[in-house]
Number of protein chains: 2
Amino acid sequence: MTTPDKLLAAAAEMLATEGLTGLSARSVAARAGVNQALVFYHFGSVAELVEAALRRSADLAVATYRNRFDDVTSFTELLTLGRELHATERDRGNVAQMAQVMSGALRDATLARAGRYALTQWTRQIEVVLGRLLAGSPLRGLVEPAGLARAVAASFLGLELYEGVDPEGATSAMAALESLGNLLEMVDGLGPVGTRAVRGQVRKAARTAAKRA
Amino acid sequence: MTTPDKLLAAAAEMLATEGLTGLSARSVAARAGVNQALVFYHFGSVAELVEAALRRSADLAVATYRNRFDDVTSFTELLTLGRELHATERDRGNVAQMAQVMSGALRDATLARAGRYALTQWTRQIEVVLGRLLAGSPLRGLVEPAGLARAVAASFLGLELYEGVDPEGATSAMAALESLGNLLEMVDGLGPVGTRAVRGQVRKAARTAAKRA
DNA sequence: GTCTATACAGAGATAGAC
DNA sequence: GTCTATCTCTGTATAGAC
């Protein structure tokens, strides 16, 4: 394992467990078992090390799930995958890394770039699946796959923050999101008559909402 | 305006604009126009100042919206309020403050306590409304108000992080969430026959999901 | 590429004069 | 309650020996 690799691994680990505030050139080098000056030699700055670490984590994580996403054929399956993903990534800390970097993005342009990149990797993937599922659903045309994918990603990020201060609360939130997913699945299971009714009703609700806004 | 008040105001402002990393005893005192040592005299530590500032912000914000929440009688109205709330709080920075504190909660127990408190203030309020709306809805019993309230809060937090790195993406995510809200409204508008059908279908979807998990 | 040494800025926090 | 002064630690970053 080369020094850059050790530093990247240590940075990713610390980002998830200690957070951005606990991560410094000294602390990350100590965890990697290398000298502090090597952070600057290999990456230029702490922020750039963090950026590289997050990019690598995101690339790796998304690649891991690519096939799984491709196999999804229903909202129920997507939910099952989402639940599994949430549990796995809570342990691996990928989402936590993203949340930390994005909270630091307020001050640091490099971190903002890193967060944007990681987010894009995830949403692209989710968007493809949602686009496929929505295309064959009564909801087609009523909800944008791109927007919904971003909303899903945002929810996962928020759940991660939630989990840090109230784990049980986060669990109940996850359960509620699954209930909503079941609602989507229900709509999906309607016949042609139900479909027409749904589309009409949702359009009406949208119009009412637009009028009030 | 007393010194503690000046410090609380400065801390809240900085939390939203500069983030937790940019907030120090020195920087916050400078913005408040007071001496740095007064942070420790009045609050004991920087973390405790942040905690006090967030608590005050949360109390104030929730009190502002209390009546508005009470007036809500439909999911569509709740969505309209949610959109307005998101826009207003994006400017005031209340949600941003929460997100920052919660991201720092990983390292600091005081910040974790503060984040938990602010979160509770919001979710309690949302839970009441959702409980009321769901009670008279076909979805009654199928989705927990408490869990859904937490999911809504988490989504707002996630959107805040999203907004920091990709404002247009966050807007499209918000739009998608509104589409889902319209779906809820649609279900709400069904008659007794449709209600029975919905409940049966959702239960079936939930069973299928449970089996696969 | 890696290490030691070091410069220097900013952090949290306290003591003591006023 | 407020200010100055100061201690100590930790942060980023660089220079130069090896």
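Every chain is numbered from 1 and lettered A, B, ... according to where its sequence line falls, protein lines coming before strand lines.
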Chemist: Between B:R90 and B:E160, does any NZ, NE, NH1 or NH2 come within less than 4.0 Å of an OD or OE carboxylate oxygen?
Modeler: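 No.
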
Chemist: Tell me whether A:E185 contacts the main-chain N or O of A:T76 through its side chain, where contact means a donor paired with an acceptor under 3.5 Å.
Modeler: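 Flag set: sc A:E185 to bb A:T76 pair under 3.5 Å.
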
Chemist: List in numerical order all residues of residues 105-116 of chain A for which some heavy atom is under 4.0 Å away from an atom belonging to DNA chain C.
Modeler: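 DNA chain C contact set from residues 105-116 of chain A: none.
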
Chemist: Quick check on C:dG1: is either OP1 or OP2 less than 4.0 Å from any side-chain nitrogen or oxygen of A:T3?
Modeler: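 For C:dG1, OP1/OP2 do not have a side-chain N/O of A:T3 under 4.0 Å.
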
Chemist: Tell me which nucleotide among C:dT4, D:dT2, D:dT4 gets nearest to the side chain of A:N35.
Modeler: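 From the listed options, C:dT4 comes nearest.
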
Chemist: Rounded to the nearest angstrom, tell me the gap between atom CD in B:E18 and atom P in C:dG10.
Modeler: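 Whole-Å distance recorded here is 15 Å.
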
Chemist: Return yes if some donor-acceptor pair links the side-chain N/O of A:R31 with the main-chain N/O of A:S27 below 3.5 Å, else return no.
Modeler: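 Not at all, since once roles are kept as given, no pair shorter than 3.5 Å links the two residues.
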
Chemist: Under 3.5 Å, side chain of A:E163 to main-chain N/O of A:A170, donor-acceptor pair present?
Modeler: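 No; judged by distance alone, with no hydrogens or angles, the pair does not exist.
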
Chemist: So for the helix from C:dG1-D:dC18 to C:dC18-D:dG1, with five pairs setting each end axis, what is the inter-axis angle to 10°?
Modeler: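 The angle, to the nearest 10 degrees, is 0°.
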
Chemist: Check the distance between C:dG12's P and B:L49's CG and give it to me in whole angstrom.
Modeler: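 Result: 10 Å.
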
Chemist: Could you tell me the separation between the NZ atom of B:K6 and the C1' atom of D:dT2, rounded to a whole number of Å?
Modeler: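 So the NZ-C1' distance, B:K6 to D:dT2, works out to 11 Å.
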
Chemist: How about B:E89: does its CD atom have over 12 heavy atoms from other parts shown lying under 6.0 Å from it?
Modeler: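 Atom CD in B:E89 is crowded, with more than 12 foreign heavy atoms closer than 6.0 Å.
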
Chemist: Send over the distance from B:F43 CZ to D:dG1 C1', rounded to a whole Å.
Modeler: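 To the nearest whole Å, that distance equals 13 Å.
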
Chemist: Find the distance between CG (B:L8) and OG1 (B:T3) and round it off to the nearest 0.5 Å.
Modeler: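 Nearest 0.5 Å value for the CG-OG1 distance: 10.5 Å.
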
Chemist: List every contact pair, protein side and nucleotides 13-15 of chain D side both N or O, where the distance is under 3.5 Å.
Modeler:
residue, atom, partner, partner atom, Å
D:dA13, N7, A:Q36, OE1, 3.0
D:dA13, N6, A:Q36, OE1, 3.3
D:dA13, N6, A:Q36, NE2, 3.0

Chemist: Can you tell me the distance, in whole Å, between the CE atom of B:M1 and the C1' atom of D:dT2?
Modeler: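 For the pair B:M1 CE and D:dT2 C1', the rounded distance is 18 Å.
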
Chemist: Can you measure A:L23 atom CG to C:dA11 atom C1' for me and round it to whole angstrom units?
Modeler: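 Taking CG of A:L23 and C1' of C:dA11, I get 17 Å after rounding.
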
Chemist: Any chance you could measure A:E18, atom CD, to A:S24, atom OG, to the nearest 0.5 Å?
Modeler: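 Reported to 0.5 Å precision, the distance equals 10.5 Å.
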
Chemist: In whole angstroms, how far is the P atom of C:dG12 from the CG atom of B:L38?
Modeler: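 To the nearest whole Å, that distance equals 15 Å.
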
Chemist: What is the separation between atom CE on A:M14 and atom C1' on D:dG11, rounded to the nearest whole Å?
Modeler: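 Atom CE in A:M14 sits about 13 Å away from atom C1' in D:dG11.
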
Chemist: For a quick test of reading the model: is some side-chain N or O of B:S24 closer than 4.0 Å to OP1 or OP2 of C:dG10?
Modeler: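 False: B:S24 side-chain N/O out of range (4.0 Å or more) of C:dG10 OP1/OP2.
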
Chemist: Which label fits A:Y65 and A:W122: parallel for a plane angle under 30°, tilted from 30 to 60°, or perpendicular past 60°?
Modeler: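 The arrangement is tilted - the two ring planes meet at 30° to 60°.
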
Chemist: Determine the minimum heavy-atom distance between B:S103 and A:Q100, stating which atoms define it.
Modeler: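 So the two residues come closest at O-NE2, 2.9 Å.
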
Chemist: Between A:E77 (side chain only) and A:T73 (backbone N and O only), is there a donor and an acceptor less than 3.5 Å apart?
Modeler: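 Side chain of A:E77 to backbone of A:T73: a pair is present.
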
Chemist: Do A:Q121 and A:Q125 come within less than 4.5 Å of each other through their side chains, counting heavy atoms only?
Modeler: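 Side chain of A:Q121 against side chain of A:Q125, heavy atoms only: no contact under 4.5 Å found.
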
